[in-house]
Amino acid sequence: MKRMLVANWKMNGDVQRVRAFAFAMNQLLARQDTASDIVFCPPALYLADAKQMLPLNAQLALGAQNCHAAVKGAFTGEISATMLMEIGCRYVILGHSERRAMGETDVMVMEKAEAAIAAGLKPILCVGESRAEYEAGNTVEVLSRQLGALHSLKAGSFVIAYEPIWAIGTGLTPKIAEISAAHAAIKSVLGSGTDVLYGGSVNAGNLREILALPEVAGALIGGASLEIESMIAMLAIAAA
Ligand code: PGA
């Protein structure tokens, strides 16, 4: 199975680093037979810089970290899915816990997902429980609530990223059996054909055992995606 690695740079990087990363990743993908998919999600204003470094038939896909639910209008500071499409994106991360912490709700995530799909983008929809919810044993319940809002989306038009909030940027990860169970729970709600990524403190040291799970279609990677060397190591693991 072709694995997907999503490099979520969050609010990190600069023009030079974005350009260098985009070029290097695409070169690497072009050389690989058993290529995995890499989706590079730099800050939105660098997407055009990344795009400029890529040939027309680039294997590296670009993604944004957010979009607005409306096609256009009086929404100062916002970016529409159509604009992201126009600039060359194929994906958009939606509902990341860092955005949910800024007030994004399940309904808003669903509306953005609908707008993204209508514009031709494939949303990567993030779900996951907090530390307190995890400790209370409520992971599946939280996931069911977050996924409930996504029922109307057409199967295959989106990807889910299971990201326990307590695992993001902390160096902590759930046990492998817990990742497996959460992915199975997500598939039982949305259908077994739904691609589900794992995210939260993924790095070259733990990626192999996470990707060994048949339920895991790939990884959403934050901190460890910022360095080209670490991406090269993870790509080699994903392609093995
Ligand atoms: P992390 O971030 O890999 O730095 O934990 C993952 C994410 O937030 O998508």
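In each ligand, atom 1 is the first atom listed, and ligand 1 is the first ligand listed.
With hydrogens and angles left out, the side-chain atoms of Y198 and E163 include no donor and acceptor closer than 3.5 Å. Using a 3.5 Å distance cut-off with no hydrogens or angles, the side chains of E129 and W166 do pair a donor with an acceptor. Using modelled atom types and a 3.5 Å distance limit, the side chains of E141 and S144 yield no donor-acceptor pair.
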Identify all N/O pairs between ligand 1 and the protein with a separation under 3.5 Å and present them as a table of atom names and distances.
residue	atom	partner	partner atom	Å
ligand 1	2 (O)	K10	NZ	3.3
ligand 1	3 (O)	G222	N	2.8
ligand 1	4 (O)	G223	N	2.8
ligand 1	5 (O)	G169	N	2.6
ligand 1	5 (O)	S201	N	2.8
ligand 1	8 (O)	K10	NZ	2.7
ligand 1	8 (O)	H96	NE2	2.6
ligand 1	9 (O)	H96	NE2	3.2
ligand 1	9 (O)	E163	OE1	3.4
ligand 1	9 (O)	E163	OE2	2.7

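More than 12 non-hydrogen atoms from other residues, nucleotides or ligands lie less than 6.0 angstrom from CZ of R145.
Taking I221 as the reference, L5, V202, A219, A224, S225, M234 meet the side-chain contact (heavy atoms from CB on, under 4.5 Å) condition, with sequence neighbours excluded.
Side-chain contact between K10 and H96 is present, with at least one heavy-atom pair separated by less than 4.5 Å.
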